[in-house]
Structure formats: structure tokens, C-alpha cells
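All remarks here apply to the structure that follows.
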Amino acid sequence: MTIEFISIPEADKRAVPTEFTFGKTFTNYMFSQSYVEGEGWHDAKIHQYAPFQMWPASVVLHYAQEFFEGAKAYRRPDGNINLFRFMDNCRRFNSSAERMAMPTVDPETHFDTLVKLLEVQPEWVPDAPSTLYIRPTMIANSQMLGLGSAREYLHYIILSPVGSYFAAGGTTKGLAVYVETEHVRAFPGGTGAVKAGGNYAASVYVSEQVKKQGYAQVLWLDGLERRYIEEVGAMNIAFVYNGKTIVTPELSGTILPGITRDSLLTLAPDLGYKMTEARLDVDEIMRDIASGEITEAFGIGTAAVIAAVGRFNYKGNDYTLGDQTSGPVSNHLRETLTGIQFGTIADPYGWTTTINVTGA
Ligand code: PLP
Ligand code: COI
């Protein structure tokens with residue numbers, strides 16, 4: 001695939017900011033390409049981050065035929081840039097495409113495209129602990145009010161320098177989490193296992209309601225019985241028993257198969273913890289928090305990394321974890337994982353790809 005490069009005049013380039021909140025600042029350059037049924041992908045280009053025009057009847061605006069990915073680029077101490085398991089994001093991008101009846105993109109080409117987009121603006125990858133968040137997206141943009149798969153799609157990648165996902169909490173102070181027993185995020189046969197925007201849209205009503213009561217996140221239960229723990233906000237979740245054994249909900253088809261979660265399933269045993277996947281009954285988990293057997297709980301994801309939970313509210317009762325700060329297991333896992341991601345700890349797993357931007 002040839003990618004056209006449309007250079008931005010120096011005078012129009014924005015300076016790299018020194019302060020940013022999550023996902024509100026974007027790099028000078030983005031990537032986009034278009035798809036037309038029968039013709040395939042074309043018009044691949046790297047160009048200025050700018051608004052684009054869409055028809056008011058575009059399918060995505062009415063029927064939410066879209067999905068996205070989330071990854072990060074990390075600044076290494078030697079000045080080069082690390083990607084973390086980005087090929088897995090490219091594969092999951094295609095799983096989402098298939099579930100949403102949208103065209104796939106060759107994973108190797110997708111990977112190489114991201115590298116090119118970083119190489120034209122490496123100065124946008126901030127120094128640790130900040131990162132450059134990567135958001136590949138696909139939308140259905142043909143005009144059609146009849147329900148069905150669109151004929152035209154747009155695939156784009158935007159990049160955003162980011163600090164901590166949570167304005168407060170997660171890495172030091174534990175998050176306050178509301179256990180939602182009425183609404184659900186996903187259900188069997190639905191789209192919970194892919195990154196369809198509609199999953200997130202459906203979750204906002206509950207998260208906004210509970211935010212007013214002081215909760216930072218929602219714990220989602222299964223859609224059939226409201227009994228089994230699934231995810232916390234837009235993160236996977238894990239619980240630590242007695243500072244040693246970690247349990248995370250097994251992938252049930254309604255849970256997003258997180259790349260960070262999958263990494264912990266390999267990393268945690270190598271750090272001396274037992275980590276298993278199981279069906280987790282919310283009543284049993286709350287009972288084990290109350291008895292003190294569960295010593296820590298944390299959310300797991302690219303944006304939030306490892307975010308400690310300080311307290312759950314379940315059916316009107318509070319279940320607190322330790323002193324409600326990030327505990328030793330959460331800290332150990334976070335420090336090791338981010339060490340591998342930033343290149344300060346050796347990566348024995350082949351998870352990182354280094355892009356040489358220093359020429360050294
Ligand atoms: N669950 C949901 C719903 C998510 O949106 C994410 C974020 O991508 C995750 C879990 C964590 O997945 P990953 O570790 O691949 O970022
Ligand atoms: C991520 O962790 O990458 C996500 O996509 C979650 C999003 C809500 C920021």
C-alpha cells in the first residue's frame with residue numbers, strides 16, 4: 001500500500017503541549033483511508049488532523065456501525081519509541097470489523113501505517129510517565145437510511161498525548177466503584193467482546209448517574225442473571241486473595257478480551273503470583289472482601305493501566321479494600337508492566353517493538 005504524505009506547512013503546525021488531559025489534544029498528523037464496496041481500500045494518506053465532512057445520512061450517525069481500538073506509544077529512556085503488542089490491537093481491530101459487518105484491514109499493513117504516522121512526528125510521544133494514546137477507528141460513512149451494511153467506510157488513526165486516565169485515583173488512591181444491578185453493558189450474543197462504540201454509549205447513562213453519587217466507575221454484571229462479575233467501566237477486572245492469588249472473570253463472550261489482562265495472565269505467574277480465570281459470583285466476591293480474604297481489586301486496561309479499587313458499593317453496602325489505596329500486588333504488577341512498556345525493564349516476552357527515531 002502506498003501512503004500519500006500531505007505535508008503541513010511549518011506555520012500551521014501546533015507545538016507539542018507540555019500539559020494535557022486524557023484524550024483532548026491531538027497530534028498534527030493523522031492517517032486515513034477510504035473503502036468502497038467492490039473497489040476495496042484506497043486513498044491512504046497521512047495528513048493534517050482536521051474535521052472531516054460527512055453526510056447527515058451517514059450510516060454511523062444513525063445505526064452506530066463503527067468500532068475503535070486503543071493502544072499506546074511509550075518514550076524509552078534512550079529516546080526511541082516502544083509499541084506494546086500493537087499487532088494484537090490490529091488483530092482485535094479485525095475481529096471488531098467482522099462482528100460489525102465491516103471490511104478488515106491487513107494487520108501487517110495496519111502496523112506499518114502506525115509506524116509511519118509516528119515517524120513523521122516522533123516529538124509527540126511524551127516522556128514517561130505520559131504516553132501517546134493511539135486510536136484506530138472505522139466508521140460507516142455512506143448515505144443510507146435503510147438498515148444494512150454500508151457500502152463505504154473510513155478507517156483512520158488519531159494520536160493523543162495522555163497523562164493519567166483518571167483525574168484522581170487509581171494509582172495511589174483506590175477508585176470508588178458502584179456495582180450496577182439493573183442495567184448491563186453487554187449480553188450473550190451481543191457485541192460486548194468487540195470494541196463497538198455502541199457498547200460505550202449504552203454505559204454512559206449509568207456512569208453519569210453514579211458519578212453524581214461520588215463513584216468513579218461502574219462494576220458491570222452479566223446480562224442474564226446480574227450475578228457474575230464482568231468488567232469495571234472500560235476495563236477488565238481482577239481480585240487478589242491474600243496478597244498471592246489473582247482471579248479475573250473468564251472470557252464469556254460478553255467481556256472484551258483485553259490485551260493488558262492477557263499480558264497479566266503471563267506476567268503475574270512469572271512474578272510469583274497464581275492467576276486464574278473463573279466465573280466470579282458477585283455475592284461471593286463481596287463476602288470475601290468483607291472477610292478480608294480479598295486484599296486488593298484493580299481495573300486493567302490500556303488507558304488506565306492498573307487502577308486500584310478502594311471501595312465497592314453493592315446493594316447499598318460499602319465493601320472497602322484495605323486502606324483504600326493501591327496495594328502491593330497492584331503496584332508490583334503496574335511497575336513491572338509499565339517498566340516493560342517503557343523499556344526500563346527487559347521484555348522477555350517479545351511484546352515490545354522499538355521504533356528507532358534517534359538514529360543512534
Ligand atoms: N474492557 C473494555 C470495555 C475496554 O474498552 C478496554 C479497553 O480497551 C479493556 C477492557 C481493556 O483492554 P486492553 O487491555 O486491550 O486495553
Ligand atoms: C482503552 O483502555 O484503551 C480504552 O479504549 C478505554 C477508553 C474508554 C479510553
Side-chain angles (χ1 to χ4, degrees), residues 20-26 66-74 83-96 99 114 131-138 157-167 170-171 175 177 180 183-187 190-204 206-208 211 216-223 229-238 248-268 275 277 298-307 309 333-334 337-338 340-341 349 351:
F20 24 78
T21 48
F22 190 92
K24 297 212 170 144
T25 313
F26 298 91
E66 81 93 52
F67 64 88
F68 62 93
E69 260 308 321
K72 281 175 174 172
Y74 305 83
L83 292 175
F84 182 75
R85 300 187 66 176
F86 186 65
M87 190 52 88
D88 291 300
N89 293 95
C90 296
R91 291 195 198 101
R92 192 171 62 187
F93 187 87
N94 280 353
S95 310
S96 296
R99 178 63 183 84
L114 172 70
T131 57
L132 187 65
Y133 187 77
I134 301 160
R135 177 51 67 88
T137 307
M138 197 190 294
I157 306 174
I158 54 175
L159 307 172
S160 171
V162 297
S164 171
Y165 183 65
F166 296 108
T171 49
L175 302 167
V177 173
E180 173 61 27
H183 302 91
V184 295
R185 189 194 84 93
F187 44 84
T191 55
V194 300
K195 278 180 83 75
N199 297 340
Y200 300 78
S203 75
V204 172
V206 180
S207 56
E208 287 302 309
K211 203 192 280 175
Q217 291 290 309
V218 178
L219 184 76
W220 300 107
L221 302 179
D222 77 279
I229 292 175
E230 299 217 318
E231 304 205 48
V232 59
M235 296 176 279
N236 295 117
I237 187 158
T248 188
E250 64 189 17
L251 298 178
S252 55
T254 51
I255 293 176
L256 190 83
I259 294 162
T260 322
R261 171 191 179 279
D262 187 67
S263 306
L264 291 192
L265 283 165
T266 298
L267 187 61
M275 184 160 178
E277 302 170 85
F298 53 86
I300 312 165
T302 295
V305 194
I306 288 176
V309 177
L333 293 172
R334 186 188 308 110
L337 180 68
T338 55
I340 292 172
Q341 291 168 329
Y349 310 109
W351 285 336

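As the structure lists them, so they are numbered: ligands from 1, and atoms in each ligand from 1.
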Please confirm whether the backbone N or O of Pro257 pairs with a side-chain atom of Arg92, one donor and one acceptor, at under 3.5 Å? yes
Going by ring-ring contact (aromatic ring centres under 6.0 Å, His included), name the residues that satisfy it together with Phe22, two or more places apart in sequence or in a different chain. Tyr133, Tyr165
To the nearest 0.5 Å, what is the distance between CG on Asn89 and OG on Ser96? 10.0 Å
Write down the atom of Glu230, the atom of Leu221, and the distance for their closest heavy-atom approach. CG-C, 3.8 Å
Side chain to side chain contact (heavy atoms under 4.5 Å, CB included) evaluation trace for Val218 with Arg185: CA-CA 10 Å; Val218 178; Arg185 189 194 84 93; over 6 Å; no
The atoms of ligand 2 lying under 4.0 Å from a heavy atom of Gly70, numbered in the order shown, are 3 (O)
Could you check whether any side-chain heavy atom of Asn236 comes within less than 4.5 Å of a side-chain heavy atom of Leu264, counting everything from C-beta outward? no
Does a sphere of radius 6.0 Å around CZ in Phe187 hold more than 12 heavy atoms from other residues, nucleotides or ligands, not counting ones at 6.0 Å or beyond? no
With heavy-atom distances below 4.0 Å as the criterion, list the atoms of ligand 2 near Arg135. 5 (O), 7 (C), 9 (C)
For atom 2 (O) of ligand 2, what is the closest protein heavy atom, and at what distance to 0.1 Å? Ala303 N, 3.0 Å
For Lys195, is at least one N or O under 3.5 Å away from an N or O on ligand 2? yes
Using atom types as modelled and distance alone, determine if a side-chain donor or acceptor of Gln217 lies under 3.5 Å from a backbone N or O of Leu175. no
Answer with yes or no whether Lys72 contacts ligand 2, where contact means a heavy atom under 4.0 Å from a ligand atom. no
Would you tabulate the polar-atom pairs, meaning N/O of ligand 1 against N/O of the protein, with distances under 3.5 Å, reported to 0.1 Å?
from: ligand 1; atom 1: 1 (N); to: Glu231; atom 2: OE1; distance (Å): 2.4
from: ligand 1; atom 1: 5 (O); to: Lys195; atom 2: NZ; distance (Å): 3.0
from: ligand 1; atom 1: 5 (O); to: Tyr200; atom 2: OH; distance (Å): 2.4
from: ligand 1; atom 1: 8 (O); to: Lys195; atom 2: NZ; distance (Å): 2.6
from: ligand 1; atom 1: 14 (O); to: Ile259; atom 2: N; distance (Å): 3.2
from: ligand 1; atom 1: 14 (O); to: Thr260; atom 2: N; distance (Å): 2.9
from: ligand 1; atom 1: 14 (O); to: Thr260; atom 2: OG1; distance (Å): 2.5
from: ligand 1; atom 1: 15 (O); to: Arg92; atom 2: NH1; distance (Å): 2.8
from: ligand 1; atom 1: 15 (O); to: Arg92; atom 2: NH2; distance (Å): 3.1
from: ligand 1; atom 1: 15 (O); to: Ile259; atom 2: N; distance (Å): 2.8
from: ligand 1; atom 1: 16 (O); to: Thr302; atom 2: N; distance (Å): 2.9
from: ligand 1; atom 1: 16 (O); to: Thr302; atom 2: OG1; distance (Å): 2.6

Donor-acceptor contact present, side-chain Lys72 to main-chain Ala303, <3.5 Å: yes
Looking only at protein heavy atoms, which one is nearest to atom 6 (C) of ligand 2, and how far off is it? Ala234 CB, 3.8 Å
For ligand 2, indicate whether the residue Glu69 contacts it via side chain, backbone, both or neither (heavy-atom separation under 4.0 Å). neither
Considering only protein heavy atoms, which is closest to atom 1 (C) of ligand 2, and at what distance to one decimal place? Tyr133 OH, 3.4 Å
Does the distance from a Lys or Arg side-chain N to an Asp or Glu carboxylate O, for Glu277 and Arg261, drop under 4.0 Å? yes
Just by modelled atom types, is the Phe26 backbone N or O under 3.5 Å from a matching donor or acceptor in the Ser160 side chain? no
In ligand 2, the atoms that come under 4.0 Å of a heavy atom of Phe68 are 5 (O)
Honestly, for Met235 the part within reach of ligand 2 (heavy atoms, under 4.0 Å) is neither
